[in-house]
Every structure is written in structure tokens, then in C-alpha cells.
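Notes for the one structure printed next.
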There are 2 protein chains.
Amino acid sequence: MTGSSPDSSASDGLDPQQLDAYFALMEAVGLLEHQVEQHLRADGGISYVQFQLLARLAGANGQLTMTQLADGVVYSRSGLTYQAGLLEKAGLITRGTSADDERSTVVTITDAGLALFGQVLPGHVQVVRRLLLAPLSADDLRNLGDIMTRVRDHMRNEPPRSAAPRKRRVNPAG
Amino acid sequence: MTGSSPDSSASDGLDPQQLDAYFALMEAVGLLEHQVEQHLRADGGISYVQFQLLARLAGANGQLTMTQLADGVVYSRSGLTYQAGLLEKAGLITRGTSADDERSTVVTITDAGLALFGQVLPGHVQVVRRLLLAPLSADDLRNLGDIMTRVRDHMRNEPPRSAAPRKRRVNPAG
DNA sequence: CTATTTTGCTTCGACTTCGAAGCAAAGTAC
DNA sequence: GTACTTTGCTTCGAAGTCGAAGCAAAATAG
């Protein structure tokens, strides 16, 4: 199991630089998400997921189908149904059957939804500025955007790792 | 409230470059987490959280208190208790009261825990390589590590935003 | 030494999330 | 047209997650 060569391209481990980047990335984003969540809950009574849904709707002329909403939000379909239910109950969106396709549900943001989004957005931006953008130079920002865009596109274009890879174990902890 | 100047340092919005970086960052990490989760579940029957806990223990001479475990993992205390319970039930860790401080719980990774961690790690590394590292040049990696380390440290050193900022609304959706 | 506060962890209930299963409309094959 | 598959969404049950409340040990105050 323990590799022997110290070079980083071997199949065994990650070199310190790779580890640093990976860990820092995951932890920083985790922290950021947590802070963002706190702000949105305190200032608008909504979760990050709900904010993202409202943002997508606000940016898309106010209307999207569930499937369109699902794309771009990393999220399960059933979770989306659940959140849409909450948002509808809160009067922030409306759901209706599509005319083109009886299966599709068209989600529409309401005036209240737009208002809430508008109310919360400035604070959200401030949080992002304060926590993420503040310590970055112009070069950093350019690099970060470039890098993460590339990574995201790369991941989106990945083949789904084939059907059933294999399952060696069944539930040691869970 | 709506700003007028198109420059990016205004208090109102984020310029396209900032938005790109922010969105790409959040989405890429979300996708990565999801893939990592899939792999760990399929190959070792554990969640990412559980993997992180085992990793921390494995890297810390096998022993840590609950509080030490909590630091570094972005996670609630009660969630940690729950996961520790699962890991203990699965025989991957052991919990005992500290000798120094009767309140503290010392968590120890078992041989089975180490074995499982060792079994899962190579695949985990491959996933990270394939999805995150593959599209990055040496410069990218250096930049990413540098940037995210700075962001993480910045966030860790932030004052906790004072006690109770304010609560404008109470639960529009939720 | 006793009272108070802090610290470390767990328990509890409410909510969120996920994947599997289900259902009906739309598309495809024949 | 009828059978089959695919697509779009929801329902359901099993976990996982969180914050508040609770409890006991330790630190601090007096």
C-alpha cells in the first residue's frame, strides 16, 4: 500500500502541495458556505439552497421548469421538490403545469420572492466580499476564476464513471 | 440602495469576474464533494465526513479528543457525536474518557479503522486527481493552494461578526 | 471552601437530504 | 394504433444535520 517513489505523479499519494490545495479548497468553501448560510437565515429567513433557487429564477426572467432549476444547482431532484414546496408555501414562488409538456412543472418567482431576493442580496454580496474577495488581489481573482471555471467544466464533461463500478463492502459505518 | 457606478469596488454588486469566480468555486466544490461522496460510499461504505474523521485520526497518531476532532472539520458538535457513534458501532474507532480531564472524550482509531482508511485512500486520491488536479498546471496548483490557504486563514481569523447582528424577518420559508 | 461560570460532550426534536420507487405524459418502435 | 421506453416530477422512508437544552467536570471568583 505504501508507495515508494517520492514523485507526485505516482499513483499512490498526493504531494504536500496538492494536499494543501485540496484541503484548503474544501475547508475554505465549507467555512464560506456556513457563513453565507448564517447570513441568509438571519437576514432573510431562507437557506442557501433557497437563495440559489430564487437567484436562478430572478436571473432567468422569473420562470424555469424544475429540470432547468435542477441543472446548475448541485442537488437531488427530490430535494428540489421539497424546497420548491417550502418556497411555494412561503409565497415566494408559484408552480404550474407547463402548456407544452404536461409533465413539466413551471416555477415562477412571485413579487414577494423578488422582493425578498432583493432585500437579501446586498448583504449576501457583502459576506462574499468580506470573506472570499477581501484577501484576493486582482491577479488572484483572475486566477481563481480561471482555474475553478476550468475545473467545473472538466467535471461536468466527465463520463459518469460507468454504471456499476463495484461495491467491495456494504456499510461498515452507516 | 442601488449603486450607480460601474466599478467593482462599489458596495452594491459583484462584477462579472467576481461572480464567475464565486459561482465556479462553489459549484466545482459541490460537484467534487458529490463525486467524492459517491466513491467513498461505494468503495468503503463510509461518508465523506466519516472519511475526514478517520483521516484526521490516522494523521494524528491515532488519538484525538472530540474537540480536537471538531476543529478542522466544519461541523456541528452534535453531528460529530452522532458520527462518532456510528464509527464506534462499526468498530472503526473507540471512545474513552480522558484521564486528564474527565469531561473530555478521547477518540482512538482502531486497526479496522486504519485498515479501512488505507483501503479507501488510494481510490480517494484518484478521484481527487481525476476531477480536481487533472486540468491544473503546476502554476495553477501553486496559485490555487496559495489563494485558498489565504482565504481559509482569513476566514478563520475573522471576528465572529458580533453577537446578535439583527433579525429582520422570521422564517419566510422554512 | 462555596457559588458561579465555563468547557466538553451528549440528547433531543425539528428539519433537510437523498435514493428508490411510483406515476403519468411524451416519445419511439412496430 | 398498441406496446415499450424515456422523461419530469413527486412521494416515501431512512439517514444525516443542526441548534437548543441538559449534564457533569473543571476553572474562576469571592
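The CD atom of B:Glu33 sits 16 Å away from the P atom of D:dG16 (whole-angstrom rounding). For the pair A:Ile46 CD1 and C:dT16 P, the interatomic distance rounds to 13 Å; values are reported in whole Å. The CD-P distance, from B:Glu102 to C:dT10, rounds to 14 Å in whole Å. The CG-P distance, from B:Leu87 to C:dT10, rounds to 12 Å in whole Å. Separating the CE atom of B:Met66 from the P atom of D:dC23 is a distance of 19 Å, rounded to the nearest angstrom. The nearest whole Å value for the distance from the OH atom in B:Tyr48 to the C1' atom in C:dC18 is 19 Å. Rounded to whole Å, atom P of C:dA14 lies 17 Å from atom OH of B:Tyr82. Atoms CG (B:Leu86) and C1' (D:dA15) sit 9 Å apart, rounded to a whole Å.
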Derivation and outcome, side-chain hydrogen bond (donor to acceptor under 3.5 Å, both in side chains), residues B:Ser98 and B:Asp101: CA-CA 5 Å; B:Ser98 165; B:Asp101 185 337; over 6 Å; no
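Salt bridge annotation for B:Arg150-B:Asp153: absent, with no cationic side-chain nitrogen under 4.0 angstrom from a carboxylate oxygen.
No contact: B:Ser98 has no heavy atom under 4.0 Å from any strand. Using a 4.0 Å heavy-atom cutoff across all strands shown, B:Ser104 reaches sugar-phosphate atoms only and no base atom. B:Thr105 comes within 4.0 angstrom of sugar-phosphate atoms only, judged by non-hydrogen atoms across all strands, and of no base.
Closest to the side chain of B:Arg103, from the set C:dT16, D:dT11, C:dT7, is C:dT7.
Aromatic ring centroids of A:Tyr75 and B:His34 lie 6.0 Å or more apart. The six-membered or imidazole ring of B:Tyr48 lies away from that of B:His39, with a centre-to-centre distance of 6.0 Å or more.
Summary of the strand contacts: A:Thr67 and B:Gln83 both lie near DNA chain D, and taking for each the nucleotide with the nearest heavy atom, the more 5' one is attributed to A:Thr67. Each of A:Asp101 and A:Val49 lies near DNA chain C, and the nucleotide nearest A:Val49 is the one positioned closer to the 5' end.
Side chain of A:His154 to main chain of B:Arg130: a donor-acceptor pair is present (N/O by atom type, distance under 3.5 Å, no hydrogens or angles).
Taking side-chain N and O atoms only, B:Arg95 has no distance below 4.0 Å to OP1 or OP2 of C:dC9.
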Contacts table for residues 62-73 of chain A: side-chain donor-acceptor under 3.5 angstrom, sequence neighbours left out:
residue: A:Gln63; atom: OE1; partner: A:Thr108; partner atom: OG1; Å: 3.1
residue: A:Thr65; atom: OG1; partner: A:Gln68; partner atom: N; Å: 3.2
residue: A:Thr65; atom: OG1; partner: A:Gln68; partner atom: OE1; Å: 3.3
residue: A:Gln68; atom: OE1; partner: A:Thr65; partner atom: N; Å: 2.9

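Using a 4.5 Å heavy-atom cutoff, the side chains of B:Leu132 and A:Leu25 are in contact.
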Every protein N/O within reach of nucleotides 18-20 of chain D N/O, cut-off under 3.5 Å:
residue: D:dC18; atom: OP2; partner: B:Ser76; partner atom: N; Å: 3.3
residue: D:dC18; atom: OP2; partner: B:Ser76; partner atom: OG; Å: 3.0
residue: D:dG19; atom: N7; partner: B:Ser78; partner atom: OG; Å: 3.1
residue: D:dG19; atom: O6; partner: B:Ser78; partner atom: OG; Å: 2.8

